[in-house]
Amino acid sequence: MSLTCFIRYELDPFQLDAFREYAQNWGRIIPRCGGHLVGYFLPAEGTNYEAWGLVAFDDLAAYEAYRKRLRVDAEGRANFEFAQRNRFILREQRTFTEVVDGTFGKPAAQ
């Protein structure tokens with residue numbers, strides 16, 4: 001994967017369970033629409049209002065094709081509506097990143 005969409009969420013800290021459900025829904029939707037879901041991450045300790053989602057793509061064309069499929073996916077649209085209706089996401093920022101060769105997925109030295 002050469003392009004990763006890094007999504008930073010600012011959440012209502014009293015609705016983390018709603019965000020968990022939202023993220024779990026993407027676990028089915030994103031792969032079906034063509035994205036490689038790296039994962040969603042909730043706060044565990046420290047700051048209680050930030051979460052992250054990482055979705056990877058082969059290139060920008062693959063991302064654009066994914067966005068087209070996502071727009072017509074009924075479950076995807078329903079998940080967006082769930083977030084809007086419940087207002088647990090206060091702010092969302094997207095940054096597109098590329099991995100530095102030789103730095104991703106390296107196991108711990110034994």
> Please set out all donor-acceptor pairs under 3.5 angstrom arising from side-chain atoms of residues 80-89, sequence neighbours excluded.
| residue | atom | partner | partner atom | Å |
| --- | --- | --- | --- | --- |
| Asn86 | ND2 | Phe82 | O | 2.9 |

> Looking at residues at least two apart in the chain, or sitting in another chain, which of them share a side chain to side chain donor-acceptor pair (under 3.5 Å) with Glu45?
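Applying side chain to side chain donor-acceptor pair (under 3.5 Å) to Glu45 gives none.
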
> Restricting to salt bridge (Lys or Arg N to Asp or Glu O under 4.0 Å), what partner residues turn up for Arg77, sequence neighbours left out?
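Salt bridge (Lys or Arg N to Asp or Glu O under 4.0 Å) list for Arg77, sorted by chain: empty.
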
> Mind listing the closest non-hydrogen atom pair of Leu37 and Val55 along with its distance?
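Looks like CD1-CG2, 4.1 Å.
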
> What residues form a side chain to side chain donor-acceptor pair (under 3.5 Å) with Arg32, not counting sequence neighbours?
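Result, side chain to side chain donor-acceptor pair (under 3.5 Å) vs Arg32: Asp73, Glu75.
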
> Mind checking what makes side chain to side chain donor-acceptor pair (under 3.5 Å) contact with Arg94, not counting sequence neighbours?
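Scan of Arg94 (side chain to side chain donor-acceptor pair (under 3.5 Å), adjacent residues dropped) gives Glu92.
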
> Please tabulate, one pair per line, all N/O donor-acceptor pairs under 3.5 Å involving side-chain atoms of residues 96-108, not counting sequence neighbours.
| residue | atom | partner | partner atom | Å |
| --- | --- | --- | --- | --- |
| Thr97 | OG1 | Thr4 | O | 3.2 |
| Thr103 | OG1 | Val100 | O | 2.5 |

> Tyr49: what forms a ring-ring contact (aromatic ring centres under 6.0 Å, His included) with it, not counting sequence neighbours?
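Not a single residue meets the ring-ring contact (aromatic ring centres under 6.0 Å, His included) criterion with Tyr49.
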
> Excluding sequence neighbours, so at least two apart, what forms side chain to side chain donor-acceptor pair (under 3.5 Å) with Asn48?
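Once residues adjacent in sequence are excluded, Asn48 has no partner under the side chain to side chain donor-acceptor pair (under 3.5 Å) criterion.
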
> Could you list the cluster mates of Trp52? Members are the ILVMFWY residues connected by side-chain heavy atoms closer than 4.5 Å, either directly or through other members.
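Other cluster members: Phe6, Val38, Phe41, Leu54.
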
> How far apart are the closest heavy atoms of Tyr66 and Gly35, and which atoms are they?
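Smallest interatomic distance, heavy atoms only, reads CD1-N, 3.6 Å.
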
> Any pair with a residue in residues 59-68 that passes salt bridge (Lys or Arg N to Asp or Glu O under 4.0 Å), sequence neighbours left out, goes on the list, sorted by first then second residue, please.
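Sorted result for residues 59-68: empty, none.
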
> According to the side-chain hydrogen bond (donor to acceptor under 3.5 Å, both in side chains) rule, which pairs have a member within residues 16-26, sequence neighbours left out?
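Only Tyr22-Trp26, Asn25-Arg28, Asn25-Asn79 qualify under side-chain hydrogen bond (donor to acceptor under 3.5 Å, both in side chains).
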
